[in-house]
Amino acid sequence: MSDLQQEVILITGGGSGLGLALVHRFLEEGAHVAVLDISQAKVDALNHRYGERVLAVQGDVTSVADNERAVADTLARFGKLDCFIGNAGIWDHNASLVNTPAEQLKQGFDELLKINVLGYLLGAKAATPALLASQGSMIFTLSNAAWYPGGGGPLYTASKHAAVGLIRQLAYELAPKIRVNGVGPCGMATDLRGPQSLNQHDRTITASLSPEKIAAILPLQYMPETEEFTGPYVMLASRRNNRTLTGVMINADAGLGIRGIRHVAAGLDL
């Protein structure tokens, strides 16, 4: 039996993509799950599909009030909070320094960093009192762009590097009662969108990177499914399997760290 039975997990951006895969996985592990998502349609779909098993709340991760309401509603429904997962984010579709007008760079920075970094910070702030009470944990979604260039443009890469610093600082501040860690997935086919200020709000990641292109740049030579990234989150959230890791970032990059983003030079004929 999983030690996550009856644990309570709050996930931001849990209405689609990796967030939805995390909802499914933690439910399989026996946990109670709450979700904060900006899309009312996705919130309604979660509540309709799962009923009392999931509490889905509509709100914006960049709003202090919405983060506080999500935590308060979670406590009201389930009585506690054991793990906060900051996952909501947007991508910049590799918008480059050279080819993006200066004013758009400024607007894109304000929008993307607000969601990808401030959203994590405000979620952590709202969740901290409940996690201190439960001596729980926080987990933040990173990206291969947290370690390497080429996983996005300067806006997205900067946001994920900033999230690395946030994880380290929070792990330092919140020890010994709260563990704070991260998981950095590589590319996958999701509903991940771009900033409205860059006219990318209706553009998904697969509009820029096909599954074949994603597979081609990964040493393991396949495009992972969202559910294949959920294991590290389960391990980090588990009290039995993780009492010793804090300030740790699991680089779930399908091998990018062994050679970076380029095509395979050898190995296919082995």
Side-chain angles (χ1 to χ4, degrees), residues 4 6-27 29-90 111-142 159 163 166-167 170 173-174 177-183 190-193 230 233-234 236-237:
L4 290 169
Q6 307 303 311
E7 295 278 277
V8 179
I9 318 294
L10 171 58
I11 304 169
T12 68
S16 61
L18 176 60
L20 184 58
L22 290 169
V23 171
H24 292 161
R25 179 62 188 273
F26 279 105
L27 288 174
E29 296 290 328
H32 300 297
V33 178
V35 170
L36 175 63
D37 199 284
I38 197 167
S39 167
Q40 185 65 58
K42 292 175 182 178
V43 165
D44 292 342
L46 283 169
N47 285 324
H48 176 75
R49 179 173 182 178
Y50 294 109
E52 292 298 311
R53 299 180 65 199
V54 169
L55 169 67
V57 178
Q58 191 280 326
D60 185 339
V61 294
T62 69
S63 163
V64 171
D66 287 354
N67 279 286
E68 291 178 345
R69 177 167 52 87
V71 172
D73 289 355
T74 301
L75 296 176
R77 169 73 70 87
F78 300 120
K80 62 174 182 170
L81 177 62
D82 296 290
C83 180
F84 168 74
I85 299 179
N87 172 75
I90 56 177
E111 183 178 354
L112 192 147
L113 272 289
K114 188 175 182 182
I115 294 170
N116 288 13
V117 184
L118 181 62
Y120 283 1
L121 183 63
L122 295 181
K125 176 64 174 175
T128 291
L131 293 177
L132 286 171
S134 67
Q135 298 197 26
S137 67
M138 298 179 185
I139 306 170
F140 296 95
T141 297
L142 296 170
S159 77
L166 181 62
I167 289 168
L170 294 182
E173 287 191 20
L174 298 176
K177 291 190 175 181
I178 302 174
R179 294 170 287 112
V180 184
N181 297 294
V183 178
T190 72
D191 192 42
L192 186 64
R193 306 296 178 97
T230 60
Y233 291 85
V234 169
L236 291 172

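Just the heavy atoms: all of them, side chains too, but no hydrogens, waters or symmetry mates, feed the values below.
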query = Under 3.5 Å, side chain of Arg179 to main-chain N/O of Gln135, donor-acceptor pair present?
reply = no

ask   = Quick one: do the Ser39 and Asp37 side chains pair a donor with an acceptor below 3.5 Å?
value = no

message = When you compare the side chain of Tyr50 with that of His24, does any pair of heavy atoms fall below 4.5 Å?
response = yes

Value rounded to 0.5 Å, distance of CD in Glu111 from CG in Asn116 = 10.0 Å

message = Would you compute the distance between atom CG of Asp60 and atom CG of Leu36 and round it to the nearest 0.5 angstrom?
response = 8.0 Å

task = Measure across Leu81 and Ser134 and return the closest heavy-atom pair with its distance rounded to 0.1 Å.
result = O-OG, 2.6 Å

query = Do Phe140 and Val117 have side chains that get closer than 4.5 Å, going by heavy atoms?
reply = no

query = How long is the span from the OG atom in Ser137 to the CG atom in Asn181, to the nearest 0.5 Å?
reply = 7.5 Å

query = Are any non-hydrogen side-chain atoms of Leu20 and Leu46 less than 4.5 angstrom apart?
reply = yes

request  = For the pair Met138 and Thr128, evaluate side-chain contact (heavy atoms from CB on, under 4.5 Å) and give the outcome as yes or no after the intermediate values.
outcome  = CA-CA 9 Å; Met138 298 179 185; Thr128 291; 3.3 Å; yes

request  = Calculate, to the nearest 0.5 Å, the distance between atoms OG and CG belonging to Ser159 and Leu112 respectively.
outcome  = 5.0 Å

task = Please name the pair of heavy atoms, one in Gly123 and one in Phe84, separated by the smallest distance, quoted to 0.1 Å.
result = CA-CZ, 3.5 Å

request  = Say whether, by atom type as modelled, one donor and one acceptor occur between the side chain of Tyr233 and the main chain of Phe26 under 3.5 angstrom.
outcome  = no

message = Given 3.5 Å as the limit, does a donor-acceptor pair link the side chain of Asn67 with the main chain of Val61, or not?
response = yes

query = Between Ala88 and Tyr120, what is the shortest heavy-atom contact and its length?
reply = O-CE1, 3.7 Å

Side chain Asn87, main chain Thr12, donor-acceptor under 3.5 Å = yes

Nearest heavy-atom neighbours spanning Ala56 and Val43 = O-CG1, 3.4 Å

note = In terms of heavy-atom contacts, Cys83 and Leu131 come closest through N-CD2, 3.7 Å

ask   = Does the pair Glu68/Lys125 count as a salt bridge with the N-to-O cut at 4.0 Å?
value = no

message = Could you check whether Asp44 pairs with Lys42 (Lys NZ or Arg NE/NH1/NH2 to Asp/Glu carboxylate O, under 4.0 Å)?
response = no

key: For the student: nearest non-hydrogen atoms of Leu10 and Val35, plus distance   = CD1-N, 4.0 Å

inquiry  = Would Ile85 and Ile9 count as a side-chain contact (heavy atoms from CB on, under 4.5 Å) here? Give the steps.
reply    = CA-CA 7 Å; Ile85 299 179; Ile9 318 294; 3.7 Å; yes

query = Is there a side-chain contact between Arg53 and Leu27, using heavy atoms and a 4.5 Å cut-off?
reply = yes

message = Using the salt bridge (charged side-chain N to carboxylate O under 4.0 Å, His left out) criterion, which residues pair with Asp66? Sequence neighbours excluded.
response = Arg69

ask   = Is it the case that more than 12 heavy atoms not belonging to Lys80 sit under 6.0 Å from its NZ atom?
value = yes

ask   = Would a 4.5 Å heavy-atom cut-off, applied to side chains only, mark Arg25 and Leu22 as touching?
value = no

query = Do Leu55 and Thr74 have side chains that get closer than 4.5 Å, going by heavy atoms?
reply = yes

message = If I take atom CG from residue Leu166 and atom CD from residue Glu173, how far apart are they, to the nearest 0.5 angstrom?
response = 9.5 Å

request  = Could you verify whether a donor N or O on one side chain and an acceptor N or O on the other, from His32 and Gln6, lie under 3.5 Å apart?
outcome  = yes

ask   = How long is the span from the CG atom in Leu170 to the CG atom in Leu121, to the nearest 0.5 Å?
value = 7.0 Å

task = With the side chain counted from C-beta on, respond yes when Leu113 and Leu118 share a heavy-atom pair under 4.5 Å apart, and no when they do not.
result = no

